[in-house]
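Report on the structure given below.
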2 protein chains.
Amino acid sequence: MIRILLADDQALVRGALAAVLRLEPDFDVVAEVGTGTEVPAAARRTTPDIALLDVQMPGREGLDVAADLQRALPGCRTIICTTFSRPGYLARAVAAGASGYVVKDSPPEQLVDAIRRVHAGLRFVDPALAAEALARGASPLTGREADVLRTAAEGGTVADIARALRLSEGTVRNHLSAAIGKTQARTRAEAARLAEANGWL
Amino acid sequence: MIRILLADDQALVRGALAAVLRLEPDFDVVAEVGTGTEVPAAARRTTPDIALLDVQMPGREGLDVAADLQRALPGCRTIICTTFSRPGYLARAVAAGASGYVVKDSPPEQLVDAIRRVHAGLRFVDPALAAEALARGASPLTGREADVLRTAAEGGTVADIARALRLSEGTVRNHLSAAIGKTQARTRAEAARLAEANGWL
DNA sequence: TCGTACCCATGCCATTTGTCATGCGTGACC
DNA sequence: GGTCACGCATGACAAATGGCATGGGTACGA
């Protein structure tokens with residue numbers, strides 16, 4: 001039996017996924033949680049073989065949780081399962097030690113297939129996304145530029161960003177300017193959109 | 001038997017939902033489609049009792065499709081099922097003749113319950129969302145303000161928006177200014193975020 | 001040790017943006 | 001017919017923004 005931990009904040013989706021996974025005779029969904037913070041405790045309690053994590057969850061992001069889980073339970077492999085096919089997310093997932101990456105666009109069989117492969121010690125990455133990631137490459141943004149752009153995405157003024165990040169306004173403008181240039185955008189809003197779409201934030 | 005049409009662009013979610021609905025002995029999922037444009041044809045072919053529509057789908061939005069479906073197959077009742085609990089969406093769903101509105105956050109039992117109620121001729125709206133909608137009220141934006149704000153959300157400059165909407169730049173600035181005032185924002189980006197979050201776009 | 005990359009900051013300047021006042025036309029409503 | 005809300009436009013002005021140059025500090029690898 002393959003023991004599975006399921007983490008997704010949308011109860012309807014989580015329940016439905018659990019139902020479809022339980023249809024496989026060799027699958028056993030041993031835990032279902034709705035937040036990232038619950039994952040470590042649930043994993044220690046149920047010792048799953050596979051942790052299926054959504055990227056966006058209240059509390060802690062799936063990508064952060066994956067890294068911790070990797071250290072705490074080396075026997076448990078993680079698969080990231082998300083709505084967003086963003087190259088940057090894939091890169092971060094791999095860096096966090098995830099063994100698989102499945103996009104929610106793909107058919108259910110692909111998820112089942114991914115779980116079997118990862119359980120067998122292989123890796124699985126959505127083919128279309130893998131190609132996309134290779135084409136787009138890594139994030140051109142420096143850490144600070146990403147911080148500033150992330151805060152700018154809220155829609156506040158330069159003063160707001162500077163206050164939130166405890167920087168001078170001039171510095172914020174410089175980082176924004178650099179980010180706008182690197183993303184080939186013309187306004188910070190566009191830069192934020194592009195960076196977000198690529199998973200660079 | 002309650003005949004159900006399922007429309008959701010995420011194949012994994014769609015498949016999982018179909019699986020969980022098929023567990024109910026009196027439910028029959030007669031059609032599964034991944035785009036809004038496929039819905040009318042599939043509905044005519046399979047004559048479902050209930051159409052379960054996601055809001056965001058490629059092609060046509062679920063809300064638009066709902067209105068058409070209402071006219072074409074009066075016997076088929078629609079339930080909107082979406083990730084987003086936005087008051088504005090609920091208002092538009094009701095206007096489009098939908099009989100139910102379920103948020104994907106809610107547990108699977110609630111969806112099953114909603115389907116049974118709607119099939120029985122009742123209405124069903126997620127309780128938390130209904131309260132939210134009452135509290136926030138309708139959109140304060142005029143049609144043109146919403147247009148401008150929607151275009152502004154792409155991140156372009158005033159000139160871009162003016163060109164896209166064939167308006168003068170001054171007019172665009174006026175609409176933006178009005179929208180910023182009404183949403184109590186301080187930048188157009190913030191106004192766009194707030195309006196989007198409320199489903200006013 | 002040097003070069004390089006990054007972070008932080010300051011200052012300057014042209015452009016863009018947000019705000020306001022004002023005007024005109026249209027359609028809805030009393 | 002008058003009033004009102006709305007869309008569209010123009011003009012003007014203060015503030016915010018985006019480029020760009022410059023300089024200092026730190027960390028890291030050659």
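Lettering follows sequence order; numbering is per chain, from 1. The figures that follow rest on heavy atoms only: side chains count, while hydrogens, waters and symmetry mates do not.
- Ionic pairing of A:Arg22 and A:Asp28 is not present here: no N-O contact between side-chain nitrogen and carboxylate oxygen is shorter than 4.0 angstrom.
- Across the helix from C:dT1-D:dA30 to C:dC30-D:dG1, the helix axis at one end is tilted relative to the axis at the other end by 30° (nearest 10 degrees, each axis from five pairs).
- In plain terms, the two heavy atoms of A:Pro127 and A:Gln110 that are nearest each other are CD-NE2, 4.2 Å.
- DNA chain D is contacted by A:Thr157, A:Val158 of residues 155-167 of chain A, taking any non-hydrogen atom closer than 4.0 Å.
- With a 6.0 Å cutoff to the six-membered ring centre and a 45° limit on the axis angle, B:Arg92 does not count as a cation-pi contact of B:Tyr89.
- The heavy-atom pair separating A:Pro58 from A:Thr35 by the smallest distance is O-CB, 3.7 Å.
- Judged by distance alone, the side chain of B:Arg117 and the main-chain N or O of B:Gly100 form no donor-acceptor pair under 3.5 Å.
- The phosphate of D:dA9 (OP1 or OP2) has a side-chain N or O of B:Thr171 nearer than 4.0 angstrom.
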Which is it for A:Thr183 and A:Trp200 under the side chain to side chain contact (heavy atoms under 4.5 Å, CB included) test, yes or no, and what are the steps along the way?
CA-CA 10 Å; A:Thr183 54; A:Trp200 293 338; 4.2 Å; yes
Walk along nucleotides 25-30 of chain D from 5' to 3' and tag each nucleotide B, S or - by protein heavy-atom contact under 4.0 Å, base first, then sugar-phosphate.
------
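- The pair B:Lys104-B:Asp54 counts as a salt bridge, with a side-chain nitrogen and a carboxylate oxygen less than 4.0 angstrom apart.
- The shortest non-hydrogen separation linking B:Leu129 to B:Pro87 is CD1-N, 4.1 Å.
- Applying the salt bridge (Lys or Arg N to Asp or Glu O under 4.0 Å) criterion to A:Arg186, with sequence neighbours excluded, gives B:Asp160.
- Remark: B:Arg173, B:Asn174, B:His175 in residues 173-190 of chain B come within less than 4.0 Å of DNA chain D through at least one heavy atom.
- The nearest pair of heavy atoms linking A:Leu53 to A:Gly62 is CD1-O, 3.6 Å.
- Listed by residue number, the members of residues 142-150 of chain B with any heavy atom below 4.0 angstrom from DNA chain D are B:Thr142, B:Gly143, B:Arg144.
- In this structure, A:Arg14 and A:Gly34 approach most closely via the heavy-atom pair NH1-CA, 3.3 Å.
- Between the B:Lys182 side chain and the B:Pro140 main chain, a donor and an acceptor come within less than 3.5 Å of each other.
- In this structure, B:Thr151 contributes its side chain and B:Asp147 its backbone to a donor-acceptor pair below 3.5 Å.
- Ionic pairing of A:Glu132 and A:Arg86 is not present here: no N-O contact between side-chain nitrogen and carboxylate oxygen is shorter than 4.0 angstrom.
- Smallest separation of non-hydrogen atoms from B:Leu23 and A:Ala19: CD1-CB, 4.2 Å.
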